[in-house]
Participant: 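First the structure, which I've put down as structure tokens, then a few questions once you've had a look.
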2 protein chains.
Amino acid sequence: MEKQQYLTKNQQIVLDFVEKSSEPLKAYSILFNVQKKGLKAPLQVYRALDKLVEIGKIHKIESRNAFVACKNSSCQVSKATAFSICESCEKVTEINNSKLSKYLSNFEDNSGMRYSKYNLEFFGLCKKCKNK
Amino acid sequence: MEKQQYLTKNQQIVLDFVEKSSEPLKAYSILFNVQKKGLKAPLQVYRALDKLVEIGKIHKIESRNAFVACKNSSCQVSKATAFSICESCEKVTEINNSKLSKYLSNFEDNSGMRYSKYNLEFFGLCKKCKNK
DNA sequence: TTACACATTGTTATAATATAACAACAATTT
DNA sequence: AAATTGTTGTTATATTATAACAATGTGTAA
Ligand SMILES: [Zn+2]
Ligand SMILES: [Zn+2]
Ligand SMILES: [Zn+2]
Ligand SMILES: [Zn+2]
């Protein structure tokens, strides 16, 4: 069998739902919402999410255990991700800043490690929450 | 009551154990190991961890749900953290690079957000694992 | 075309991670 | 002392994620 070319039904259902959301979604909230589409068990959602994360359609916000669709067309794989997270309203935005990504992708230290991937999460207050 | 000045007994027990470890520890593994010291329930460990993370004595490796002691004397609070993680052997090292931390602490974009904190995780292969 | 390999699915059960709720106690402030 | 706030212990429960295995699908090659 060849490497999967298209999304499977379950993957497409999960992706569609996550893409419609304006905020990060928890796995069990996705599950609850796609049950009418036939995905009955957590594993069906987690498997779809795993694959979607692997191919860069979805990113995981690690500090929140939540998932967002990638809005950045250049993210073919999830290997260089950066997010801003408002600690008050929990709004999350993917940062698309080529200087930042260049800086981090080229980062080297004297540890002898070769970095192939990074994930950066910035925290603070968004515009709205700052003015409250 | 004044703001806590010293570590409580439980916090000290957890910190001692985490500091002795050369690798990130899971909360339940900490629990198991400090039970002989009297911490019987998950919450006692999680509370201690929460406080220790808050004051910067311990950092959480978000992608691993694990905890490491801070080896960086300048980390008074956990507000600017960077780690390298080997995806093969899971070795984790806190990155202490002033150029990087300066770059990230001063990072601004046009979102109007004020960033007060960040966490960065680099992934790759460590020296050892690269040569296998 | 049929056997094979292997990916994907569905399903049940369970593991691992983390918090809610509340009662008891301790230290500080008024 | 009374009020306030922080810490502790405890039980129960919520949340997040994976193990294990049988069934089904799909491309490959004898
Ligand atoms: Zn992206
Ligand atoms: Zn906000
Ligand atoms: Zn540190
Ligand atoms: Zn390694």
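Keep in mind the model is a prediction, meaning the values are calculated, not measured. To find a chain, count down the sequence lines: A is the first, B the second, and so on, and within it residues start at 1.
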Participant: According to the interplanar angle, ranging from 0 to 90°, do the rings of B/Phe107 and B/Tyr115 count as parallel (below 30°), tilted (30 to 60°) or perpendicular (above 60°)?
Facilitator: parallel
Participant: Below 4.0 angstrom from OP1 or OP2 of D/dT8, is there any side-chain N or O of B/Gln44?
Facilitator: no
Participant: Classify the side chain of B/Arg47 versus the base of D/dG9 as yes if they form a donor-acceptor pair under 3.5 Å and no if they do not.
Facilitator: yes
Participant: Within the structure, does a side-chain N or O atom of B/Lys40 lie under 4.0 Å from either OP1 or OP2 of D/dT10?
Facilitator: yes
Participant: Between B/Lys51 (NZ) and C/dA18 (C1'), how many Å, whole number?
Facilitator: 19 Å
Participant: A/Ile61 and A/Ile95: same hydrophobic cluster, using ILVMFWY side-chain contacts below 4.5 Å?
Facilitator: no
Participant: Let me know the distance between CD1 of B/Ile30 and P of C/dT17, rounded to the nearest Å.
Facilitator: 11 Å
Participant: A/Lys9 NZ to D/dT24 P: how many Å, rounded?
Facilitator: 15 Å
Participant: Grab the CG-P distance between A/Leu7 and C/dA7 for me, whole Å please.
Facilitator: 17 Å
Participant: Walk along nucleotides 13-18 of chain D from 5' to 3' and tag each nucleotide B, S or - by protein heavy-atom contact under 4.0 Å, base first, then sugar-phosphate.
Facilitator: ---BBB
Participant: Might you confirm whether atom NZ of B/Lys130 has over 12 heavy atoms from other residues, nucleotides or ligands at distances under 6.0 Å?
Facilitator: yes
Participant: Heavy-atom distance under 4.5 Å between the side chains of A/Leu25 and A/Phe17, does that happen here?
Facilitator: yes
Participant: Starting from P on D/dG25, measure out to CG on A/Asn10 and report it in whole angstrom.
Facilitator: 14 Å
Participant: Considering the options A/Met113, A/Glu108, A/Arg114, which one meets the side-chain contact (heavy atoms from CB on, under 4.5 Å) requirement together with A/Ser111?
Facilitator: A/Met113
Participant: To the nearest angstrom, how far is B/Leu31 atom CG from D/dT11 atom C1'?
Facilitator: 15 Å
Participant: Has A/Ser101 got a side-chain atom pairing as donor or acceptor with A/Ser98's backbone, closer than 3.5 angstrom?
Facilitator: yes
Participant: Rounded to whole Å, please give me the gap between CD in B/Gln11 and P in D/dT7.
Facilitator: 7 Å
Participant: Quickly, which of B/His59, B/Glu121, B/Lys60 forms a side-chain contact (heavy atoms from CB on, under 4.5 Å) with B/Thr81? Name it, please.
Facilitator: B/His59
Participant: Give the nucleotide from the list C/dG10, D/dT10, D/dT8 with an atom nearest to the side chain of B/Thr8.
Facilitator: D/dT8
